[in-house]
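We name chains A, B, ... by the order of the sequence lines, and we start the count at 1 in each one.
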There are 2 protein chains.
Amino acid sequence: MSAEYLFETNSSPDIASDSDVELRDWKSDYAKPMADIGIKQLAKILGISTASVSRALNNPDRVSDAMRKRVQDAAKQTGYRPNKMGASLRTAKTKNIIVIIPDISDSFNSGVIRSIERAASDRGYSVLFGDTQGIREAEISYGDMVRTRQADGIICFSHNLPFSDSDLDSENFKMPPIVNSCEQLQSLQLAGRAIPLVTIDNVAAGREITKHLLDLGHREIALITGDIDSPSTQQRLLGYKLALKEANIEFRQELIYEGEYTLEAGSSKTAEILSNSKRPSAIFCMCDETALGCLYTLKKNNVSVPTDISVVGFDDIKFARYFSPALTTVAQPVDEIGKQCVEILLDVIDGQTIDQKTVILPHKVVVRDSTQSISS
Amino acid sequence: MSAEYLFETNSSPDIASDSDVELRDWKSDYAKPMADIGIKQLAKILGISTASVSRALNNPDRVSDAMRKRVQDAAKQTGYRPNKMGASLRTAKTKNIIVIIPDISDSFNSGVIRSIERAASDRGYSVLFGDTQGIREAEISYGDMVRTRQADGIICFSHNLPFSDSDLDSENFKMPPIVNSCEQLQSLQLAGRAIPLVTIDNVAAGREITKHLLDLGHREIALITGDIDSPSTQQRLLGYKLALKEANIEFRQELIYEGEYTLEAGSSKTAEILSNSKRPSAIFCMCDETALGCLYTLKKNNVSVPTDISVVGFDDIKFARYFSPALTTVAQPVDEIGKQCVEILLDVIDGQTIDQKTVILPHKVVVRDSTQSISS
DNA sequence: TAGCAGAATGTAAACGTTTACATTAATTGT
DNA sequence: ACAATTAATGTAAACGTTTACATTCTGCTA
């Protein structure tokens with residue numbers, strides 16, 4: 001948290017006292033004994049067995065019409081809410097999934113998450129989430145939640161499995177339902193197990209966006225990568241190399257700037273680029289946030305985009321089209337990614353066989369105003 | 001989803017086959033019987049009672065050193081993971097909190113969420129989240145989760161209580177632990193109950209940022225609001241009016257443009273502003289995303305910021321300083337808001353009395369490049 | 001009318017913990 | 001050395017559901 005954030009306390013009129021209402025004390029309210037009713041009391045009230053209540057509520061067709069109506073009415077009447085813990089314990093299903101994510105406030109991620117939440121909710125699942133900040137211990141502790149029966153499955157945004165090495169090595173370790181989103185697992189971690197993955201084809205995408213630049217006549221294309229260890233970065237980099245090779249252009253390591261999927265990396269790495277003697281005519285940022293940081297530094301140094309330098313990003317976050325200039329980038333089907341993740345995960349949880357271990361969703365390069373032909 | 005997103009399927013080399021590893025079938029792996037061990041088996045293995053195991057693990061000081069070591073070792077050895085459902089059922093505590101939020105992909109929200117997650121995690125709680133998209137039914141269904149014992153408390157970003165009206169009216173309705181984040185509850189919903197709130201002083205903030213504009217000599221300040229029903233919008237609007245009054249400037253309704261906290265609203269409302277005969281010299285957007293939309297449309301219409309028009313935002317999302325021009329805005333202490341929310345909530349859950357029903361955190365107007373004196 | 005199938009309901013065990021209470025072991029004071 | 005404490009452990013009930021199995025009811029057929 002930067003110095004800019006050293007807030008001074010500002011005293012001000014208390015906006016919170018809509019004091020036309022008189023407020024009861026809330027704590028005492030909470031301290032009241034739970035008025036809640038359980039299945040037993042409900043059964044007793046109705047003079048029937050708990051089994052009937054349960055059936056009327058969960059398997060309405062296994063019960064007579066009269067019975068069904070009677071207990072459903074009573075349930076509504078009394079405000080009966082079945083205790084999911086009791087149910088979960090008995091059924092060994094939680095109807096929760098956990099999503100493990102390095103940074104939930106990343107624009108691309110939060111888009112996918114939103115979609116996940118919606119899809120899960122549609123199928124009666126809730127989603128817990130764990131923001132790991134890339135910390136291994138955090139990953140592992142969240143991964144543990146399915147073994148402690150707090151969740152039925154995992155959607156993972158990391159290229160690491162959320163389990164400790166010792167667990168992974170263990171003979172009787174059982175892989176819980178898990179699907180990877182956007183990041184392929186490192187094969188050394190796989191240990192012979194195939195984990196479903198939903199992603200785009202990052203190498204194709206990297207190749208295409210590079211080709212776009214190439215087609216515009218660019219020959220010196222700097223690259224600001226994400227975390228160099230991440231498969232998506234590696235794949236996009238491979239795509240970049242492929243495109244160069246296809247165009248018979250020599251790959252030059254000095255044009256590669258190792259960064260991160262962050263604004264700051266984009267900004268600082270661009271400064272580095274600018275500080276070098278000969279400037280590239282284009283910069284390929286491996287994510288849109290990075291591209292924004294890049295645009296920022298470019299403008300600060302009075303190099304104009306796209307006139308002086310073309311810039312492309314990756315992801316097509318919702319802000320991208322509002323950048324100045326509007327960003328050329330490759331769009332990922334955020335909604336579909338999220339949806340597929342939960343579809344697959346829930347299928348696995350339900351014990352269905354998965355036909356496709358990895359689903360590759362279509363991407364699309366969208367050309368906007370941050371790139372232009374080098375000759376013009 | 002716009003037409004731009006009509007992806008064509010692109011066939012491409014399957015990047016996923018690192019086929020140097022041979023993959024076992026995953027489904028069959030999952031289908032294996034649960035190898036997991038329970039407290040009973042662990043107890044039997046050690047030849048002790050389940051009570052001792054439980055104590056050694058949860059109340060290590062209530063047990064002899066030898067015993068503690070023995071079972072902890074065995075637990076690690078066997079990979080014993082206590083079933084939280086069993087525990088929750090017994091203890092009536094879930095160690096979950098749920099956060100109910102209209103849009104998790106909103107930049108400001110996701111910042112707060114991240115902070116919430118961290119704080120909760122630090123205190124041993126997990127967080128579930130529900131993205132309601134502003135839909136009342138969704139709010140209510142998520143609110144229900146504490147009554148179904150899936151969570152111990154609620155952090156709510158809406159100005160509505162996540163309970164049905166009939167529940168609220170009900171005589172024996174018991175308010176669960178809940179705290180509001182950023183949005184004050186509508187007083188009519190309060191029904192006599194005081195709900196903790198953590199927020200900034202929106203009217204002071206609105207007043208200050210308006211005053212900033214006023215000090216620069218601006219007299220015609222257009223305002224693009226958030227959802228006009230939301231208290232935060234109302235409060236910021238009030239601040240705007242207050243500042244005008246202090247400066248002896250007449251409030252003019254035609255300068256008020258009712259929008260939303262979105263990029264699109266910023267863009268479209270700015271177009272409206274521009275279409276009117278006399279232009280304001282400044283625009284106050286009630287959130288940064290809106291401001292970005294505003295900047296975008298301004299630029300598209302060749303009005304330059306801040307030369308022709310000054311623009312201010314609200315929130316200071318992480319992108320704000322990277323906008324072009326860098327955005328003058330009011331910073332909210334995102335991290336602190338999240339932290340305080342969980343502190344208070346967990347205190348309430350623990351049955352402690354809350355001294356402060358509403359905590360007002362300090363904000364700060366941060367001046368960057370999107371505003372300038374009107375004379376210059 | 002007796003017999004019987006099928007539907008409707010009831011009985012009670014089970015899920016995996018925690019914990020009040022009972023018991024046994026260890027420690028202290030005299 | 002023997003009570004009297006205190007510490008350590010064990011026993012078994014309880015949490016709130018679901019569900020296999022047993023029982024009762026209903027309506028038909030022969």
Test I101(A) against D106(A) for side chain to side chain contact (heavy atoms under 4.5 Å, CB included), laying out the working first.
CA-CA 10 Å; I101(A) 205 161; D106(A) 171 86; over 6 Å; no
Has S52(B) got a side-chain N or O lying under 4.0 Å from the OP1 or OP2 atom of dG10(D)?
yes
With a 4.0 Å cutoff (strictly under), does any side-chain N or O of Y80(A) reach OP1 or OP2 of dG16(D)?
no
Out of dT19(C), dT17(D), dT19(D), which has the shortest distance to the side chain of T91(A)?
dT19(D)
Would you mind telling me which residue lines up with the more 5' stretch of DNA chain D, D65(B) or G86(A), judged by nearest nucleotide?
D65(B)
Just wondering, are more than 12 heavy atoms of other shown residues or ligands nearer than 6.0 Å to CZ in R123(B)?
yes
Respond yes when some side-chain nitrogen or oxygen of S54(A) is under 4.0 Å from OP1 or OP2 of dT18(D), and no when none is.
yes
Rounded to whole Å, the CZ-C1' distance (R55(B) to dC21(C)) equals 11 Å
Separation of dG16(D) P from M85(B) CE (nearest whole Å):
16 Å
Please work out if T50(B) contacts a base, only the sugar-phosphate, or nothing of the nucleic acid, heavy-atom cut-off 4.0 Å.
base
When the distance from CD of Q41(A) to P of dG16(D) is rounded to whole Å, what number comes out?
7 Å
Of all the nucleotides listed (dT9(C), dG10(C), dT17(D)), which has the minimum atom distance to the side chain of I48(A)?
dG10(C)
Nearest atoms (heavy-atom pairs only) where L42(B) meets T78(B)
CD1-OG1, 3.9 Å
In whole Å, what is the span from the CE atom of M67(A) to the C1' atom of dC25(D)?
12 Å
Value in whole Å for how far the C1' atom of dA14(D) lies from CZ of R90(B):
5 Å
Which pair of non-hydrogen atoms, one from P177(B) and one from D152(B), has the smallest distance, and what is that distance?
CG-O, 3.5 Å
Got a salt bridge between E139(A) and R136(A), using NZ or NE/NH1/NH2 to carboxylate O under 4.0 Å?
yes
If you pin L89(A) and S49(B) to their nearest nucleotides in DNA chain D, which one's is more 5'?
S49(B)
NA contact type, K84(B), heavy-atom cut-off 4.0 Å: base, sugar-phosphate, or nothing?
nothing
d(CG, N58(A); P, dA20(D)) in whole Å:
13 Å
Can you check the R149(B) CZ to dG16(C) P distance for me, whole Å?
22 Å
Contact class for A87(B) (heavy atom, under 4.0 Å): base, sugar-phosphate, or nothing?
sugar-phosphate
Taking CD1 from I39(B) and P from dG16(C), how many angstroms apart are they, rounded to a whole number?
11 Å
Using a distance-only criterion (donor-acceptor N/O pair, under 3.5 Å, no hydrogens), is the base of dG16(D) paired with the side chain of R81(A)?
no
